[in-house]
Amino acid sequence: MVKVDSSFTQFLERLQQVIARLDLFPGWRPRKVRTLCGVDVSYQDRKAVAAAVLWSVEEGKIVEISQYRGEVSFPYIPGYLFFREAPLMIAAVKQLRLEPQLLLVDGHGLAHPRGAGLAVFVGLLLGRPTLGMAKSLLVGRIGPQKNSLAPISLKGKTVGFQVSPAIGRNYYVSPGYLVSVPDLPRITRMIGSSYPEALKEAHRISKVAVKSS
DNA sequence: GCGACAG
DNA sequence: ATCTTGTCGC
């Protein structure tokens, strides 16, 4: 794994700051969400496998799967996850034959120290509506819960929500691309409120794939 | 300086 | 994330 000097992380920070100034979340309000695409990455040493799982909401089943095998040389550093995982995730999604309506990325989007987490980069570079969905908080404070949703506030702004499903652990959702913070509650409800099956499957499939390689 | 810290 | 056995609980 390469050593990462501060000049390089400073460069990545500048990149995130520039991206964060763009108009990333103008709002996306579909009448219906028919297909989701869960994206996740698993590792075994430097070997990595990204899985993209296209999921039909109405049928409740997998429609298409794609995997991308690669090598990582950049370490995990909180706040710079995009540089490690975005290339793999993007490659996996691009291999899909069908075009997903909404991407679900395992990681934060707006709920990031510089407002530009992994989900922002994946969504922006693929040009698709995207949500960041993380299993734990990176930054921000949790506000009062209302209807199983509690705002994540950062510097006085709401950057996402903590979701407390009827079943399972809490998770965190924030805008990745196109979807705005005010639209988050509605979109989250449309796809079911509990941790998405598309992401569970992407996690399982990438894990199995990296072990058998 | 100290603590926190997606996957 | 990954390394790892048994074990507590529904």
Side-chain angles (χ1 to χ4, degrees), chain A residues 1-2 4 6 9-10 12-13 15-16 19-20 24 37-53 67-93 103-125 130-142 150-155 158-163 165-177 179 181 184 188 195-196 198-213:
Chain A
M1 208 67 52
V2 300
V4 182
S6 61
T9 54
Q10 281 168 31
L12 296 180
E13 268 182 42
L15 196 52
Q16 290 172 325
I19 298 293
L24 295 165
C37 179
V39 196
D40 196 8
V41 181
S42 291
Y43 302 92
Q44 190 168 55
D45 299 316
R46 291 187 57 184
K47 288 184 298 183
V49 177
V53 173
Q67 294 174 25
Y68 180 84
R69 291 178 162 70
E71 299 265 318
V72 287
S73 52
F74 194 80
Y76 167 67
I77 305 172
Y80 307 95
L81 181 62
F82 85 98
F83 197 75
R84 179 174 162 89
E85 294 198 347
L88 303 165
M89 287 186 167
I90 290 167
V93 174
L103 302 179
L104 307 179
V105 168
D106 188 357
H108 288 103
L110 218 211
H112 176 276
R114 293 166 290 283
L118 172 62
V120 168
F121 282 83
V122 173
L124 177 63
L125 292 176
T130 303
L131 297 182
M133 288 192 163
K135 298 177 237 26
S136 64
L137 203 56
L138 174 61
V139 286
R141 294 188 54 177
I142 303 302
I152 303 170
S153 45
L154 183 64
K155 301 168 189 169
T158 296
V159 294
F161 294 92
Q162 176 189 65
V163 185
I167 302 195
R169 285 185 40 177
N170 292 353
Y171 64 95
Y172 304 85
V173 55
S174 65
Y177 187 55
V179 179
V181 170
L184 237 32
T188 302
Y195 194 75
L199 274 173
K200 291 183 192 170
E201 287 296 326
H203 189 273
R204 184 183 61 76
I205 289 165
S206 62
K207 198 169 180 175
V208 168
V210 81
K211 283 189 175 181
S212 64
S213 69

Checklist entry - Considering only side-chain heavy atoms of A:Tyr43, which listed nucleotide, C:dC3, C:dA1, B:dA6, is closest? => result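 It is C:dA1.
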Checklist entry - Looking only at side-chain N and O atoms, does A:His203 come under 4.0 Å of OP1 or OP2 in C:dA1? => result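 A:His203 to C:dA1 OP1/OP2: side-chain N or O found under 4.0 Å.
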Checklist entry - Looking only at heavy atoms, which two atoms of A:His112 and A:Gly79 are closest? And how far apart? => result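 Scanning both residues completely, I find the closest heavy atoms to be NE2-O, 2.9 Å.
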Next on the checklist: From C-beta outward on A:Lys207, which listed nucleotide comes closest to its side chain: C:dC3, B:dC5, C:dT2?
Outcome noted: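 For the A:Lys207 side chain, the nearest candidate turns out to be C:dT2.
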Next on the checklist: Just the rounded figure in Å: distance from P of C:dA1 to CE of A:Met89.
Outcome noted: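 Atom CE in A:Met89 sits about 11 Å away from atom P in C:dA1.
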Checklist entry - With a 4.0 Å cut-off on heavy atoms, is A:Asp40 in touch with a base, just the backbone sugar-phosphate, or nothing at all? => result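 Sugar-phosphate: the residue A:Asp40, judged by heavy atoms under 4.0 Å, touches backbone atoms but no base.
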Checklist entry - Which part of the nucleic acid, if any, lies within contact of A:Tyr80, taking any heavy atom under 4.0 Å across all strands shown: a base, the sugar-phosphate backbone alone, or nothing? => result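 Contact class for A:Tyr80: base.
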Checklist entry - Under 4.0 angstrom, heavy atoms only, what part of the nucleic acid is A:Gly79 near: base, sugar-phosphate, or nothing? => result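 If one applies the 4.0 Å heavy-atom cut-off, A:Gly79 turns out to touch a base.
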Checklist entry - In terms of ring plane angle, is the pair A:Tyr171 and A:Tyr195 parallel, tilted or perpendicular, where the classes change at 30° and 60°? => result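 The rings of A:Tyr171 and A:Tyr195 stand perpendicular, inter-plane angle above 60°.
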Checklist entry - Is it the case that A:Arg114 places NZ or CZ above or below the six-membered ring of A:Tyr80, under 6.0 angstrom from the centre and within 45 degrees of the axis? => result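 Yes, A:Arg114 sits over the ring of A:Tyr80.
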Checklist entry - With respect to the side chain of A:Leu138, which nucleotide from B:dG7, C:dT2, B:dC5 is positioned closest? => result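 Nucleotide nearest to A:Leu138's side chain: B:dC5.
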Next on the checklist: So if I take every side-chain heavy atom of A:Pro78 and compare against B:dA6, C:dA1, B:dG7, which nucleotide ends up nearest?
Outcome noted: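 Given the options B:dA6, C:dA1, B:dG7, the side chain of A:Pro78 is closest to B:dA6.
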Checklist entry - When rounded to the nearest 0.5 angstrom, what distance separates CE in A:Met133 from OH in A:Tyr172? => result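 If I round to the nearest 0.5 Å, the distance is 13.5 Å.
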